[in-house]
Amino acid sequence: MKLAARVGEVTPSITLEIAAKAKAMKAEGIEVYSFSAGEPDFDTPEHIKAAAKKALDEGKTKYGAAAGEPALRSAIAQKLKTDNNLDYQAENIIVTNGGKHSLFNLMLALIEVGDEVIIPAPYWLSYPEMVKLASGTPVIVNTANTGYKITPEQLNLAITPKTKLLVLNSPSNPTGVVYTPSEIEAIAEVVVRRNILVVSDEIYEKIIYDEAKHISIASLGKEIGDRTFISSGFAKAYSMTGWRVGYLAGSTEIIKAVSTIQGHSTSNVCTFAQYGAISALQSSQDCVEQMRQAFIERRKVMLHRLNDIPELTCAKPDGAFYMFVNISKTGLTSLEFCKQLLATQQVAAIPGVAFGADDHVRLSYATDMTSIEKGMDRLDKFVSSLR
Ligand code: GLU
């Protein structure tokens, strides 16, 4: 069988593969500590589950509009107004099968052969692959020497007549960095001046620490607002990873185009799941804060343990729930490091090569404290064994 060339150009999702492998090992009875996929260990809050159950009981089990339940689209528009100072209406929102799907649909709607998409590295591993699946060309800009943030100068230099889109992700997966408001302003100035578009992946906006502050690039005025698409979802802030509810916000033109794509591919997101999402937005946000507080504690413990291992270095993340750990002193590639760590200590981590940084590994601390403590004991043992 001859597969389409586009499949040969992309790699499978390592985050999902390693997470599945760790889960399979656990199911076999092996004691595994998984720092792999960014998936909060908390159960989805009760009131959100109750709203979805109620929707099921009320017969919200049929096809809905491809773009999403009107009530959810309005609730998302309201959230963007209240939290992010953005003037979107329901018609500026499409509900997608998770945040990932909103990005994928956007690429399909926007990118053509020859179009370049600028992606600062380290990047979330699916961005370049989505660009390739949409027949575009990812242009990777290394930010290892600029604090893992693309500077306005770097962006300006990377733009060519073929550049269509910049992918911005703050708080960032995998590095945990958060752009300051003035850094976002400087990026916006280049985007407007050089006449390109930007997609802002804001899925981690609620998981932010200390003095870091989230602002949406779209909120910095009409000129940049008109060039911005916002991708987000419910998975991270509300621990709803398996529900697959995300969204894209943007001009009515792009939302209509994405709705057409969705109408011929997935149709609407699971109807009753969307009612859970409405409840997530319209109920108390205490659950989000409780989870954030737990992440603060876990971040403290994991960072402390990491910094006790002389071969490893890691900056304190300002957001999301990942440690992006420099392993270059171990002499191993990131893939070798993760393979050996899983085989010898049953600790799952994601190799940095997947994020465009082979001298790093990513550890998720969206897991319980006991697993963090025990997993870090084993990581320590593993690195010691390399001496
Ligand atoms: N976004 C999460 C991660 O990076 C979930 C897995 C995925 O979709 O890649 O771990």
Side-chain angles (χ1 to χ4, degrees), residues 10-24 32-42 44 96-107 119-133 138 148 167-178 199-208 230-248 266 269 291 295 298-299 302 317 319-325 334-335 338 341-342 347-357 360-368 371-372 375:
V10 296
T11 49
S13 166
I14 300 188
T15 44
L16 297 186
E17 260 186 31
I18 296 184
K21 183 157 190 204
K23 278 184 189 168
V32 180
Y33 295 110
S34 182
F35 302 136
S36 57
E39 174 162 53
D41 59 316
F42 308 106
T44 303
T96 57
N97 192 39
K100 186 184 277 185
H101 187 220
S102 75
L103 291 162
F104 181 72
N105 281 347
L106 176 70
M107 298 300 174
I119 303 174
Y123 45 75
W124 178 47
L125 74 179
S126 293
Y127 298 145
E129 308 310 283
M130 289 175 180
V131 173
K132 288 190 246 166
L133 283 170
Y148 295 141
V167 180
L168 193 65
N169 173 218
S170 176
S172 152
N173 172 9
T175 63
V177 300
V178 178
V199 58
S200 180
D201 179 350
E202 303 184 4
I203 187 91
Y204 294 99
E205 71 166 308
K206 299 284 180 193
I207 304 166
I208 200 157
I230 294 174
S231 163
S232 195
F234 294 81
K236 312 296 185 188
Y238 300 97
S239 199
M240 290 171 68
T241 47
W243 291 61
R244 310 313 301 140
V245 191
Y247 56 89
L248 184 77
T266 55
V269 169
M291 290 189 256
F295 293 138
R298 295 163 179 194
R299 180 181 69 143
M302 194 183 253
F321 34 57
Y322 305 107
M323 296 286 167
F324 203 52
V325 186
S334 62
L335 211 50
C338 291
L341 181 63
L342 188 60
V347 172
I350 307 287
V353 68
F355 309 104
H360 283 69
V361 298
R362 191 193 76 177
L363 305 180
S364 161
Y365 53 92
T367 191
D368 66 281
S371 300
I372 290 176

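Just follow the structure's listing: the first ligand is 1, and inside any ligand the first atom is 1. Nothing fancy with the numbering, it's 1 onward along the sequence.
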Next item on the list: Using non-hydrogen atoms of the residue, decide whether E39 is closer than 4.0 angstrom to ligand 1.
Entry: no
Note to self: Which heavy atom of E129 sits nearest to which heavy atom of T11, and what is that distance?
What the structure shows: OE1-N, 2.8 Å
Notebook entry, point to check: Sequence neighbours excluded, which residues qualify as side-chain hydrogen bond (donor to acceptor under 3.5 Å, both in side chains) partners of Y238?
Noted result: Q285
Check: Should you measure from each heavy atom of Y322, which atoms of ligand 1 turn up under 4.0 Å away?
Finding: 2 (C), 3 (C), 4 (O), 10 (O)
Check: Which bit of T241 is near ligand 1, meaning a heavy atom under 4.0 Å away: side chain, backbone, both or neither?
Finding: neither
Notebook entry, point to check: Of the backbone atoms (N, CA, C, O) and the side-chain heavy atoms from C-beta on, which set of N173 has a member under 4.0 Å from an atom of ligand 1: side chain, backbone, both, or neither?
Noted result: side chain
Check: How about K21: does its NZ atom have over 12 heavy atoms from other parts shown lying under 6.0 Å from it?
Finding: no
Check: Can you find an N or O of G38 that's nearer than 3.5 Å to an N or O of ligand 1?
Finding: yes
Notebook entry, point to check: Can an N or O of S126 be found at a distance shorter than 3.5 Å from an N or O of ligand 1?
Noted result: no
Check: Should the pair Y365 and F321 be assigned to parallel (<30°), tilted (30 to 60°) or perpendicular (>60°) ring geometry?
Finding: perpendicular
Note to self: Need the ligand 1 atom indices (1-based, order shown) with element for anything under 4.0 Å from a heavy-atom of K236.
What the structure shows: 1 (N), 2 (C), 5 (C)
Checklist line | Options I14, T15, I18, ranked by nearest heavy atom to atom 9 (O) of ligand 1, top entry | finding: T15
Next item on the list: Give the residue, atom name and distance (to 0.1 Å) of the protein heavy atom nearest atom 8 (O) of ligand 1.
Entry: K100 NZ, 3.0 Å
Note to self: Taking salt bridge (Lys or Arg N to Asp or Glu O under 4.0 Å) as the definition, give me every residue that meets it alongside D368, ordered by chain and number, with sequence neighbours left out.
What the structure shows: none
Next item on the list: Looking only at non-hydrogen atoms, find the nearest pair between Y247 and T96 and report the distance.
Entry: N-OG1, 3.4 Å
Next item on the list: Could you tell me whether R362 approaches ligand 1 through its side chain, its backbone, both or neither, with non-hydrogen atoms closer than 4.0 Å?
Entry: side chain
Next item on the list: Check whether any side-chain N or O of R299 sits under 3.5 Å from a backbone N or O of P317 as a donor-acceptor pair, and report yes or no.
Entry: yes
